[in-house]
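Residue numbers start from 1 in every chain, and the chains themselves are labelled A, B, ... in the order their sequence lines are given, proteins ahead of strands. Here the structure is a predicted model, which is why all the values come from computation and not from measurement.
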Protein chains: 2
Amino acid sequence: MEKPDIIALLSKHIRISDEMATLITEYSQIKSLPRETTILREGQRATECFFILQGCMKKYYLQDGEDKITKFYTEGEVITPASYTNQEPSKYYISTIEETIVSFGDPNSENEIYKTHPKLESLTRKLGEIFMVKTNNEFDNWVSHNPEDRYLNLVKNRPDLIQRIPQYDIANYLGIRPESLSRIRKRLAK
Amino acid sequence: MEKPDIIALLSKHIRISDEMATLITEYSQIKSLPRETTILREGQRATECFFILQGCMKKYYLQDGEDKITKFYTEGEVITPASYTNQEPSKYYISTIEETIVSFGDPNSENEIYKTHPKLESLTRKLGEIFMVKTNNEFDNWVSHNPEDRYLNLVKNRPDLIQRIPQYDIANYLGIRPESLSRIRKRLAK
DNA sequence: TTTACTTCTTAACTTAAGTCAATGAGAATG
DNA sequence: CATTCTCATTGACTTAAGTTAAGAAGTAAA
C-alpha cells in the first residue's frame with residue numbers, strides 16, 4: 001500500500017522541519033482498518049495510539065445499554081486513548097465508521113525513539129499542547145451552546161461529518177434524540 | 001512569603017524524582033493574586049501560564065453581554081491559556097475568585113530551561129498527556145449527562161466548589177439558570 | 001435600626017427536548 | 001414485483017429548563 005502523506009497532515013497543525021519529516025516518515029508504521037472495526041473496548045487496555053491518515057472513527061460509551069458518542073475523529077486527528085496514557089481499563093469504545101488508514105505507535109517504540117531523538121519528543125510536546133487548545137475550545141464551544149447552535153456549528157465547521165455520518169449518530173453526538181434533530185432541521189428549514 | 005509545596009501538588013499527578021524536585025523548586029516563580037483579579041481579558045495575548053498552589057480561578061466567555069463560565073481551576077491545576085500556546089488574542093477571560101497563589105512561567109524561560117534540562121521537557125510532555133486525559137474525561141462526562149446529573153457529580157466529586165462558589169456561578173457553569181438549579185436542589189431534597 | 005443590596009427561592013407561563021407510536025421513503029432481499 | 005428493513009419524519013403528550021416577576025433571607029451600608 002502506498003503511504004498517505006503523513007507530513008502534509010501534520011503540517012496543518014505545526015511546522016515540520018525536513019529533518020523531522022524524514023525521521024517521521026522513516027519510523028511511521030501504517031495500517032488499514034476495515035469499516036465497523038472496534039479497536040478498543042470497555043475494560044481493555046489500549047496498546048496503541050493513532051493518527052488518522054484517511055477515514056473516520058468514533059469514541060462512545062455504553063450507558064444503560066445505549067451508545068453515547070462523544071467524539072468523531074477524521075483525517076489529521078490524533079487518538080490517544082486514556083488507557084494508553086494511564087494504563088487503566090478503558091471506560092469507552094473506539095470503532096471505525098468507514099475503512100480507515102492510520103499511523104500508529106506503541107509505548108515501547110515511542111520511548112525508544114524519544115531517547116535517540118529528543119527533538120521528536122519536543123515536537124510531540126508542542127503538538128500535544130496544540131491539541132489541548134483544540135480540545136479545550138471544543139469543550140467551551142459545547143457547553144456554551146444549545147443543541148440547535150451545536151448542529152448549526154457542525155454544519156458550518158464539519159460539513160463532511162454531516163455527509164459521512166448517519167443522522168441518528170449525529171443526533172447521538174449532539175446529545176439529543178433523532179426526533180429532536182428532525183425537528184431542529186424542520187425549524188431551520190424555514 | 002513562604003513557598004507552598006509545589007512538589008507535593010505535582011506529585012498527585014506524576015512521580016517526581018528528587019533531581020526534578022530540586023530543579024522545579026529552584027526555578028519556580030511564585031506570586032499571589034488578590035481576589036477578583038482578572039489575569040486575562042478577551043483580545044489580550046497571554047504571556048504567562050500558571051499552576052495553582054492555593055486558591056481558585058474561573059475561565060469565562062462574554063456572550064451577548066453575559067458571562068459564560070466554562071471552567072473552575074483549583075489547587076494542583078494547570079492553566080495554559082490558548083493564547084499562551086498559539087499567541088493569538090484570547091477569546092475568554094480568566095479571573096481569580098479568591099486570593100490565589102500561583103507558580104507561573106513564560107515562554108522564554110520555559111524554552112531556556114528545556115534547552116538546558118531536556119528531562120524537564122519530557123516531564124512536561126507526560127504531565128500534558130495526563131491533563132489531556134483529565135480534560136477528555138471531563139468533556140465526555142459533561143456531554144453524556146444532564147444538568148441534574150452534572151450537579152450531583154459536582155456535589156460528589158468537587159464538594160469544595162459547592163462551598164467556595166456562589167450558587168449562581170455554579171448554575172452558570174452547569175449551563176442552567178439559577179432558578180433551575182434551585183428547582184433541581186428542591187427535587188433532590190426529597 | 002432602617003435601608004439597600006445581594007443571593008436564593010417560588011410561582012406562573014413559555015419553549016424545547018424526551019417519549020411513544022405511527023407513517024413515509026428508500027434500499028436491500030426474496 | 002412484493003416484502004422486509006432501516007432510517008427519517010410527524011403527531012400527541014410529558015418533562016425539564018427558560019423567562020419574567022415577586023418575595024424571602026441574610027448581609028452590608030447609611
Side-chain angles (χ1 to χ4, degrees), chain A residues 34-36 56 58 60-70 72 95-99 141-155 158-190, chain B residues 34-36 56 58 60-70 72 95-99 141-155 158-190:
Chain A
R35 69 186 294 277
E36 294 295 335
C56 184
K58 63 180 173 184
Y60 55 103
Y61 293 75
L62 202 55
Q63 286 179 339
D64 314 316
E66 297 214 329
D67 287 0
K68 178 70 197 80
I69 300 170
T70 62
F72 295 117
S95 304
T96 60
I97 294 175
E98 318 163 352
E99 188 195 3
N141 185 56
W142 190 278
V143 305
S144 62
H145 292 95
N146 59 27
E148 182 170 323
D149 289 339
R150 293 202 287 262
Y151 176 69
L152 282 170
N153 204 47
L154 203 65
V155 169
R158 300 300 307 271
D160 58 312
L161 289 185
I162 305 285
Q163 297 306 317
R164 282 163 113 152
I165 293 167
Q167 204 157 300
Y168 59 85
D169 268 355
I170 297 275
N172 187 317
Y173 171 68
L174 290 174
I176 55 178
R177 297 274 154 195
E179 295 92 328
S180 296
L181 181 52
S182 249
R183 281 189 292 242
I184 287 174
R185 286 157 52 85
K186 198 180 177 184
R187 275 208 304 272
L188 294 173
K190 297 178 308 187
Chain B
R35 69 186 293 276
E36 293 296 336
C56 184
K58 63 179 172 184
Y60 55 103
Y61 293 75
L62 201 55
Q63 285 180 340
D64 313 317
E66 296 214 327
D67 287 1
K68 179 69 198 78
I69 301 170
T70 62
F72 295 116
S95 304
T96 60
I97 294 174
E98 319 163 350
E99 189 196 1
N141 185 55
W142 189 278
V143 305
S144 61
H145 292 94
N146 60 26
E148 182 169 324
D149 288 340
R150 293 203 287 264
Y151 175 69
L152 282 171
N153 205 47
L154 203 65
V155 169
R158 301 299 308 272
D160 57 313
L161 290 185
I162 306 285
Q163 297 307 317
R164 282 163 113 152
I165 293 167
Q167 206 159 297
Y168 59 84
D169 268 355
I170 297 275
N172 188 316
Y173 171 69
L174 290 174
I176 55 177
R177 298 273 155 195
E179 296 90 331
S180 296
L181 181 51
S182 248
R183 279 190 294 242
I184 287 174
R185 285 157 52 86
K186 198 177 176 185
R187 274 209 303 273
L188 294 174
K190 296 177 308 188

*Does B:Asn141 have any side chain to side chain donor-acceptor pair (under 3.5 Å) partners at least two apart in sequence or in another chain, and if so, which?*
B:His145
_Among residues at least two apart in sequence or on other chains, which ones pass side-chain contact (heavy atoms from CB on, under 4.5 Å) with A:Leu62?_
A:Glu42, A:Asp67, A:Tyr93
_Checking A:Tyr173 now: which residues fulfil ring pair (Phe, Tyr, Trp, His ring centres under 6.0 Å) with it, not counting sequence neighbours?_
A:Phe72, A:Trp142
_With sequence neighbours excluded, residues passing side chain to side chain donor-acceptor pair (under 3.5 Å) with A:Gln63_ = B:Ser144
*Can you name the residues that form a side chain to side chain donor-acceptor pair (under 3.5 Å) with A:Asn146, not counting sequence neighbours?*
none
*Please list, chain by chain and in numerical order, all residues satisfying salt bridge (charged side-chain N to carboxylate O under 4.0 Å, His left out) with A:Asp160, sequence neighbours excluded.*
A:Arg158, A:Arg164
*Taking only residues two or more places apart in sequence or in another chain, which ones pass side-chain contact (heavy atoms from CB on, under 4.5 Å) with A:Glu99?*
A:Ser32
If you restrict it to nitrogen or oxygen atoms, what contacts under 3.5 Å exist between nucleotides 6-9 of chain D and the protein, and what is each distance?
residue: D:dC7; atom: OP1; partner: A:Tyr168; partner atom: OH; Å: 3.0
residue: D:dA8; atom: OP1; partner: A:Gln167; partner atom: N; Å: 2.8
residue: D:dA8; atom: OP2; partner: A:Tyr168; partner atom: N; Å: 3.2
residue: D:dT9; atom: OP1; partner: A:Arg185; partner atom: NH2; Å: 3.3
residue: D:dT9; atom: OP2; partner: A:Gln167; partner atom: NE2; Å: 2.5
residue: D:dT9; atom: OP2; partner: A:Ser182; partner atom: OG; Å: 2.6
residue: D:dT9; atom: O5'; partner: A:Ser182; partner atom: OG; Å: 3.0

*First-last contacting nucleotides on DNA chain C - partner chain B, under 4.0 angstrom, heavy atom*: C:dT7 to C:dA12
_Please list all pairs meeting salt bridge (Lys or Arg N to Asp or Glu O under 4.0 Å) that have one or both residues in residues 169-183 of chain A, counting only residues at least two apart or in different chains._
A:Lys58-A:Asp169, A:Glu66-A:Arg177
*Partner set under side chain to side chain donor-acceptor pair (under 3.5 Å) for A:Asp149, not counting sequence neighbours*: none
*Give me the residues of residues 144-152 of chain B where at least one heavy atom lies under 4.0 Å from an atom of DNA chain C, by number, or none.*
none
*Under 4.0 Å between any heavy atoms, over every strand shown, what does A:Arg187 touch: base, sugar-phosphate, or nothing? Just pick one.*
sugar-phosphate
*Round to the nearest Å and state the distance from B:Arg177 atom CZ to D:dG18 atom C1'.*
7 Å
*asked:* Would you compute the distance between atom CG of B:Asn172 and atom CD1 of B:Ile165 and round it to the nearest 0.5 angstrom?
replied: 11.0 Å
